[in-house]
Amino acid sequence: MHAHKRLAPMLLVLLIASPCLAADTQPAAQLERFAVQAGRSGNAELGRQFFINKHGGEWACASCHGEPPTQAGRHARTGKSLLPLAPAFNPKSFTDQARVDKWFRRNCQDVVGRECQAAEKADVLAWLISLKS
């Protein structure tokens with residue numbers, strides 16, 4: 001069999017699998033995505049401030065995830081245990097784009113009462129990535 005005839009089925013598999021492969025990313029890729037949307041780099045200090053402030057509501061991000069979010073947390077309403085949020089302390093944190101989007105959508109609604117802006121997401125993620133073990 002010619003090489004090009006063997007290559008075609010492999011390329012087809014890669015094309016079919018590529019959307020699945022794109023879903024798995026690294027936290028830095030998520031940060032870059034939000035920074036591009038925001039038109040600026042994430043600011044770790046602004047992210048830390050956003051994370052610890054209550055924004056007029058009863059909760060801050062830190063209410064459930066801790067300050068700093070390097071250890072397991074506990075959901076303020078349900079009591080459900082939460083894995084550490086900072087990527088250096090939880091290798092799966094911020095590695096799936098769909099879950100990242102869902103996490104920000106749900107948690108921003110709980111904490112801020114609205115969807116977070118891309119700059120806020122970039123700031124928070126910049127801070128979380130800066131936390132090292």
Side-chain angles (χ1 to χ4, degrees):
M1 181 182 268
H2 295 294
H4 69 278
K5 288 184 180 181
R6 286 190 306 247
L7 186 58
M10 287 188 276
L11 288 174
L12 181 60
V13 168
L14 284 174
L15 286 172
I16 292 170
S18 64
C20 297
L21 296 174
D24 292 328
T25 63
Q26 294 300 312
Q30 301 292 342
L31 172 58
E32 178 65 22
R33 179 169 63 104
F34 296 130
V36 167
Q37 290 173 6
R40 67 165 179 80
S41 297
N43 180 307
E45 180 53 29
L46 290 177
R48 185 184 76 77
Q49 289 297 319
F50 186 92
F51 195 87
I52 63 174
N53 288 325
K54 289 190 177 179
H55 307 278
E58 63 181 285
W59 295 341
C61 302
S63 298
C64 298
H65 293 287
E67 167 48 35
T70 56
Q71 297 180 12
R74 185 158 308 278
H75 192 277
R77 185 180 315 145
T78 66
K80 178 183 172 185
S81 181
L82 304 171
L83 294 172
L85 191 58
F89 298 83
N90 177 359
K92 291 187 177 185
S93 190
F94 297 98
T95 58
D96 180 282
Q97 184 172 322
R99 289 187 68 168
V100 169
D101 291 342
K102 179 181 176 181
W103 182 85
F104 271 117
R105 189 171 40 256
R106 181 183 58 230
N107 289 296
C108 288
Q109 191 63 45
D110 286 347
V111 172
V112 190
R114 61 172 169 77
E115 176 127 6
C116 288
Q117 299 168 0
E120 293 166 330
K121 294 174 187 178
D123 294 342
V124 168
L125 200 44
W127 178 62
L128 291 171
I129 289 171
S130 77
L131 300 173
K132 303 295 181 197
S133 54

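One-based numbering along the sequence shown. Bear in mind that the values here come from a model prediction, so they are computed numbers and not experimental data.
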Contacts satisfying side chain to side chain donor-acceptor pair (under 3.5 Å) that involve residues 82-93 (not counting sequence neighbours) are none
When rounded to the nearest 0.5 Å, the distance separating CD of Gln26 from OG1 of Thr95 is 7.0 Å
Taken to the nearest 0.5 Å, the spacing of Arg77 CZ from Cys64 SG works out to 9.0 Å
* To do: Verify, without hydrogens or angle tests, whether Asp96 (side chain) and Ala98 (backbone) share a donor-acceptor contact under 3.5 angstrom.
  => yes
- Parallel, tilted or perpendicular: ring planes of Phe34 versus Phe104, cut at 30 and 60 degrees: perpendicular
Heavy atoms of Phe51 and Gly66 approach each other most closely as CE2-O, 3.3 Å
Residue pairs passing the disulfide bond (SG atoms under 2.5 Å apart) test with at least one member in residues 95-133, sequence neighbours excluded, are Cys108-Cys116
message = Counting C-beta onward and ignoring hydrogens, is there a side-chain heavy-atom pair between Cys61 and Ile52 closer than 4.5 Å?
response = no
Here the side chain to side chain donor-acceptor pair (under 3.5 Å) pairs for residues 98-107, sequence neighbours left out, are Arg33-Asp101
May I have the list of side-chain donor-acceptor pairs in residues 118-133 shorter than 3.5 Å, sequence neighbours left out?
| from | atom 1 | to | atom 2 | distance (Å) |
| --- | --- | --- | --- | --- |
| Glu120 | OE1 | Arg114 | NH1 | 3.0 |
| Glu120 | OE1 | Gln117 | N | 2.7 |
| Glu120 | OE2 | Arg114 | NH2 | 2.8 |
| Lys121 | NZ | Glu115 | OE2 | 3.3 |
| Asp123 | OD1 | Arg40 | NH1 | 2.8 |
| Asp123 | OD1 | Arg40 | NH2 | 3.2 |
| Asp123 | OD1 | Asn43 | N | 2.8 |
| Asp123 | OD2 | Arg40 | NH2 | 2.8 |
| Ser130 | OG | Trp127 | O | 2.6 |
| Lys132 | NZ | Ile129 | O | 2.9 |

Residues at least two apart in sequence or cross-chain that pass side chain to side chain contact (heavy atoms under 4.5 Å, CB included) with Ser63, listed by chain then number, are Trp59, Ala60
What one should report as the nearest heavy-atom pair of Pro84 and Ala72 is CG-N, 3.8 Å
Closest non-hydrogen atoms of Gly42 and Ala35, given as atom of the first, atom of the second and distance, are N-CB, 4.5 Å
Query - Heavy-atom donor-acceptor pair, His65 side chain to Ala86 backbone, under 3.5 Å - result: no
Applied to residues 47-67, the salt bridge (Lys or Arg N to Asp or Glu O under 4.0 Å) test, sequence neighbours excluded, yields Glu45-Arg48
Pro87 and Phe94 have their tightest heavy-atom pair at CG-CD1, 4.1 Å
